[in-house]
Amino acid sequence: MNKITVTSPLLPDLDEFHQLLQEIWDSKWITNNGSFHKRLEQALCEYLKVPYISLFTNGTLPLITALQALRISGEVITTPYSFVATTHSIWWNGIRPVFVDIDPATGGIDPDRIEAAITPKTTAIMPVHVYGKPCRTAEIQAIADKYGLRVIYDAAHAFGVEVDGRSILNEGDMSTLSFHATKVYNTIEGGALVMHDAQTKQRIDYLKNFGFAGETEVVAPGINSKMDEMRSAYGLLNLRQVDQAIEARHQVAIRYREALRDVEGITFWDDMPGVRHNYSYFPIFVDAEKYGMTRDQLYFKLRDQGILGRRYFYPLISTFSTYRGLPSARRENLPMATKMAEEVICLPMHHLLSEQDLDRIICCIKIVQ
Ligand SMILES: *Cc1c(COP(=O)(O)O)cnc(C)c1O
């Protein structure tokens, strides 16, 4: 029985990649803002409909760097329902993370609970468009404006997501992306920071190159997070086929929704009106009482049959040893996030799932025993 994995990386055509590698070998320029790096930044700005982007070597360093660039300190309000890198980036800057519960309708931070978490030390909000579902950005911005806070979106899941034809990546002060192998669009490892103006891009480009502003001038304690030419070339090729991959994922989502709509105790989200989704994940939520099995029983049953779903995002970040002592990490403070983390399974979702794969997954969920 073949294994069905939760995801499968989008890979460029090997011959085409080889041709670009030949160009790199001929040029003998393999990193440090080479021509493929420039071409990929340009191509991504156009594809994503954003004014400025800066490429990074992964999706965690843009989070850390955005906080540095904006000189964020004190406390940052964030969500426990995410991948650990979100909160780690705050911690790595010596900032205290303050967890706020989520809105069960989006999975993102609940704007109605943000104000109560603001203290004189609060300087920023770091929400996550979890699973690529847009946060309630207008309400978050209104609170940030009222209290003079910055907003940095962890948009690692939101590649290509648009609301009414406008990129979600244009929200807040900056947005970060991850191009890790498991994401909708990948450069093997990689990431980016999206910003609104040329000066900010300049500053970010200094910071990701040790703070160098010229041959002999260092303007800040920067880091090394430059993307090399090989991965930039790979990224250019993947960008050409990402729409096709997203459409294939869309078809998988349609099939899951049709098949699972009437299964008692299993719920999932439909598309949001006016939103261009990227179908990066397909989370389902298991109500143990109504379904007749717990989430973990279903998860392990799927696994026994070679179907490798993932319990993203369980356990909550706030339960890990580094963070669980924080007052905001208390379970009573995070009832919605706790419930979602205990009910979720992300079903296999990628561009190569076959009809047979989907039949097998759906059948396993529909027969409850
Ligand atoms: C993947 C991911 C990251 C980190 O990206 P890497 O490229 O793996 O460093 C950050 N935040 C979220 C929400 C992610 O899913």
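In each ligand, atom 1 is the first atom listed, and ligand 1 is the first ligand listed.
The aromatic rings of H88 and Y323 sit tilted, their planes meeting at an angle between 30° and 60°. The aromatic rings of F268 and F282 sit tilted relative to each other, their planes meeting at an angle between 30° and 60°.
Residues that satisfy the side chain to side chain donor-acceptor pair (under 3.5 Å) test with K3, not counting sequence neighbours, are absent from this structure. In this structure, D357 has no salt bridge (charged side-chain N to carboxylate O under 4.0 Å, His left out) partners at least two apart in sequence or on a different chain. By the salt bridge (charged side-chain N to carboxylate O under 4.0 Å, His left out) test, D296 pairs with R311, sequence neighbours left out.
Within 4.0 Å of ligand 1, protein heavy atoms belong to N58, G59, T60, S82, F83, A85, T86, D154, A156, H157, S178, H180, K183, G190, listed by chain and number.
Counting heavy atoms from C-beta outward, I223 and I64 have side chains that stay 4.5 Å or more apart.
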